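The structure under discussion appears below in the form of structure tokens.
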Amino acid sequence: MSSQVRVRFAPSPTGYLHVGGARTVLFNWLYAKHTGGKFILRIEDTDQDRSTRDAERMQIEDIKWLGFDYDEGPEVEPSGSQTVEPSGSQTVVPSGSQKRGAPGSQKGGPYAPYRQSERLDIYATYAKELLDSGRAYPCFCSDEILDEKRAAAMRLGTVPQYDGTCRKITREEAARRVAAGEKPTMRFKAPVREYKLQDAVRGAVVFPPNMVGDFVVLRSGGMPVYNFCCVVDDHLMEITHVLRAEEHLSNTVRQMMLYETFGWKLPVFAHCSLILGQDRTKLSKRHGATSVHQYAEEGYLPEALKNFLALLGWSSPEHKEILTLDEMIAQFGLERLNKAPSVFDPVKLKWMNGQYIKALPLADVTGRAIPFLERAGIPAKDFDRAWLERAFDTIRGGLETLAGAPKAMEIFSNDEFALEEEARKVRKEAGFAAVAGALREGLAKHEDEKGDAISEAEFQALQEGVKTASGTKGKALFMPMRVALTGQTHGPELKLVVPLLGAKRCLKRVKRVLAHDSV
RNA sequence: GUCCCCAUCGUCUAGGGGCCUAGGACACUCCCCUUUCACGGGAGUAACCGGGGUUCGAAUCCCCGUGGGGACGCCA
């Protein structure tokens, strides 16, 4: 039980969830599922200027849209979910019968709260411990002086780091200055020695002595800072593996110092390579679409996005490209994490999304396309569902995103279509009138005798009639019919389109195209 | 600038001393299927950053160089 894997995703709620974050969630989540461990969501909102509840809500929404559930986190209802017992010391309470406040049933999970802004008293305790033991000290240096010194160090070609000026200040003097209204930060006395990290993806990483100076653990307002909270929380929440992006690699030495002074066991660190934009710099907003939300809106499927992201920095031991979630869970491991950074290729994502649109159960994808159709003014919700699915099935093969559905579905939804450029040329061709005319007669006759419904076979028979009546065949027969029926020179097979449209609408369309000026 | 990390087709990657005249996928080109478009199938173009070692043998191991990235915050 105590050896159970516990991983976490710890975003700062300062904006949407971006694809890099999404991949980090994915890897953590996969690892938890793979090992039968727990996946925890922790909100790192100690930067009060930038963190918002709105952003937090958005990120959680995106995480859920992607299909990730978490075992512990803010606002997780404890009943019904298999919440873990802290240190395995509690008895398991049957789900549903837990009382609020009972051990192991706190809101969100046994290590609640999961929002750092709600854990301030915890950090205060540990900060005090550092101060009392002389491992940290108040620092009264102003921003201006610090900035100046940093700039000077850069110019000199050394690592800009705090010079320890305030280490010399006595407790008495510090107390006096605080009483006088000064607001110090609290700095941790960084030990000067080499630190060796055994990283699960990088291998042995050596941080030389003097790599970092005394760093801030408490802001002047008393608010703790990332490196400090992260360590305290990971320890308290019994996180066993820290899977995060490489940008945190050099932070790790600071965190190791903290683990060391508190005498806490280090979790396993796994720093995966970054995702880069086309220009090979860290993927960011200026590279275009980078938020998960944006991809959702553009008609990408969460399955496709997950699959694509999984292959950025990880590869399947079976060398597969298209993997189901279950396959990913079964095959995921830290050993196959790639050290080299990878460039995000939106073209391949698109391709993969198309693969999923084609492969997912028809009823499922059709359902997901409906909002896109509705948004484009196609009242898909009102259509007969079976009919909609059949229609969607004829066009899904050509779709790369769901956002393309409205345009593709127009062939079925819009009887008042305008002729495309190429279609106009076809209409001007000599044989057009004969074919379209024969088609009109055939459709009128069908409607007269058999009504609106027209089967695939019936349409093909009708087509034979048009063929003989117009004396055309092949493309000369086929293109005019397509144009008269759809206004386009391409699209799904007519024998599939016509039965879906019905004789009546087909007739109406042909008549309209035949009346030149109307289109 | 300093420190850390990284280096296989344009991109994602396989490979971890002989199986490599380097495999797959996206993209691109061509062909086939198709009375359209797409889908699908087939073929093709295209890579081990450079230099030194180690070794009978290096894409693979070591060193140096070069290139790229990241970090150097009272951001995370």
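A note on names: the letters A, B, ... follow the listed sequences, proteins ahead of strands, and every chain is numbered from 1. Every value quoted in this text rests on a predicted model; they were computed, and no experiment measured them.
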What about A:Ser220, does its side chain sit under 3.5 Å from the base of B:C74 through a donor-acceptor pair? yes

If only side-chain N and O atoms count, and only distance matters, is there a donor-acceptor pair under 3.5 Å linking A:Thr489 with A:Arg424? no

A:Ser51 (side chain) donor-acceptor with A:Gln48 (main chain) under 3.5 angstrom: no

What does A:Arg482 touch in the nucleic acid at a heavy-atom separation under 4.0 angstrom: a base, only the sugar-phosphate, or nothing? base

With both distances under 3.5 angstrom, what nucleotide forms a Watson-Crick or G-U wobble pair with B:G40? B:C32

Using only heavy-atom distances, decide whether a donor-acceptor pair under 3.5 angstrom links the side-chain of A:Asn251 to the base of B:A76. yes

What string of B, S and - do you get for nucleotides 62-67 of chain B, 5' to 3', if B is base contact, S is sugar-phosphate-only contact and - is no contact with any protein heavy atom under 4.0 Å? ------

What nucleotide, of B:C26, B:C6, B:G40, holds the atom closest to the side chain of A:Lys358? B:G40

Determine if A:Trp351 stacks with B:C26; use a centre-to-centre distance below 5.5 Å and an interplanar angle below 30° as the criteria. no

Please confirm whether the shortest side-chain N or O distance from A:Ser273 to OP1 or OP2 of B:C5 is below 4.0 Å. no

Is there a side-chain contact between A:Arg150 and the phosphate of B:G1, meaning an N or O under 4.0 Å from OP1 or OP2? no

Respond yes when some side-chain nitrogen or oxygen of A:Arg244 is under 4.0 Å from OP1 or OP2 of B:A76, and no when none is. no

Whether A:Lys282 contacts B:A71 is assessed here as follows: a side-chain N or O lying under 4.0 Å from the phosphate OP1 or OP2. Is that the case? yes

Contacts to RNA chain B from residues 395-409 of chain A, heavy-atom cutoff under 4.0 Å, which residues? A:Gly397, A:Gly398

Which part of the nucleic acid, if any, lies within reach of A:Met211 when heavy atoms closer than 4.0 Å are counted: base, sugar-phosphate only, or nothing? sugar-phosphate

If we call it a pair only when both distances are under 3.5 Å in a Watson-Crick or G-U wobble match, what pairs with B:U54? none

Phosphate OP1/OP2 of B:G1: any A:Arg155 side-chain N/O under 4.0 Å: no

Suppose we define a pair by two distances each less than 3.5 Å, Watson-Crick or G-U wobble; what does B:A25 pair with here? B:U11

Distance test, side-chain N/O of A:Gln355 to OP1/OP2 of B:G40, below 4.0 Å: yes

Does A:Asn338 place a side-chain N or O at less than 4.0 Å from the phosphate oxygens OP1/OP2 of B:A14? yes

Going by atom types only, do A:Arg119 and A:Thr46 share a side-chain donor-acceptor pair under 3.5 Å? no

Mate of B:G16 where both pairing distances stay under 3.5 Å, Watson-Crick or G-U: none

Between A:Glu44 and A:Tyr226, does any side-chain donor sit less than 3.5 Å from a side-chain acceptor? no

How would you label the contact of A:Glu44 with the nucleic acid (heavy atoms, under 4.0 Å): base, sugar-phosphate, or nothing? sugar-phosphate

Hey, can you tell me if A:Phe344 and A:Tyr295 have their rings parallel, tilted or perpendicular (30° and 60° cut-offs)? tilted

Distance-only donor-acceptor test, A:Lys348 side-chain atoms vs B:A25 base atoms, 3.5 Å: yes

Tell which nucleotide pairs with B:U60, taking only Watson-Crick or G-U wobble pairs whose two distances are both under 3.5 angstrom. none

Between A:Trp29 and A:Phe68, how do the two ring planes meet: parallel, tilted or perpendicular, split at 30° and 60°? tilted

Nucleotide of B:C12, B:A76, B:A14 approaching A:Arg336 most closely (side-chain heavy atoms): B:A14

Need one value for A:Thr185: base, sugar-phosphate or nothing, where a base atom within 4.0 Å counts as base even if backbone is also close, heavy atoms only. base

Are the charged groups of A:Glu303 and A:Lys306 less than 4.0 angstrom apart, N to O? no

Which of the following nucleotides, B:U36, B:C5, B:A76, is nearest to the side chain of A:Glu493? B:U36

Can you find a side chain N or O atom of A:Thr281 that sits less than 4.0 Å from OP1 or OP2 on B:G68? no

Given the options A:Arg187, A:Lys189, A:Arg167, A:Asp214 meets salt bridge (Lys or Arg N to Asp or Glu O under 4.0 Å) only with A:Arg167

Answer yes or no: does a side-chain N or O of A:Ser315 lie under 4.0 Å from OP1 or OP2 of B:A14? yes

Name the orientation class of the two ring planes belonging to A:Trp314 and A:Phe332 (parallel below 30°, tilted from 30 to 60°, perpendicular beyond 60°). tilted

Could you check whether any side-chain heavy atom of A:Glu429 comes within less than 4.5 Å of a side-chain heavy atom of A:Pro480, counting everything from C-beta outward? no

Answer with yes or no whether A:Gln463 presents, from its side chain, a donor or acceptor under 3.5 Å of a partner atom in the base of B:U35. yes

Would you please classify the geometry between the A:Phe188 ring and the A:Phe215 ring as parallel, tilted or perpendicular, with 30° and 60° separating the classes? tilted

Any strand is fair game: report the nucleotide pairing with B:C72 by Watson-Crick or G-U wobble, both distances under 3.5 Å, or none. B:G1

Between P of B:G73 and CE of A:Met154, the distance in whole Å: 7 Å

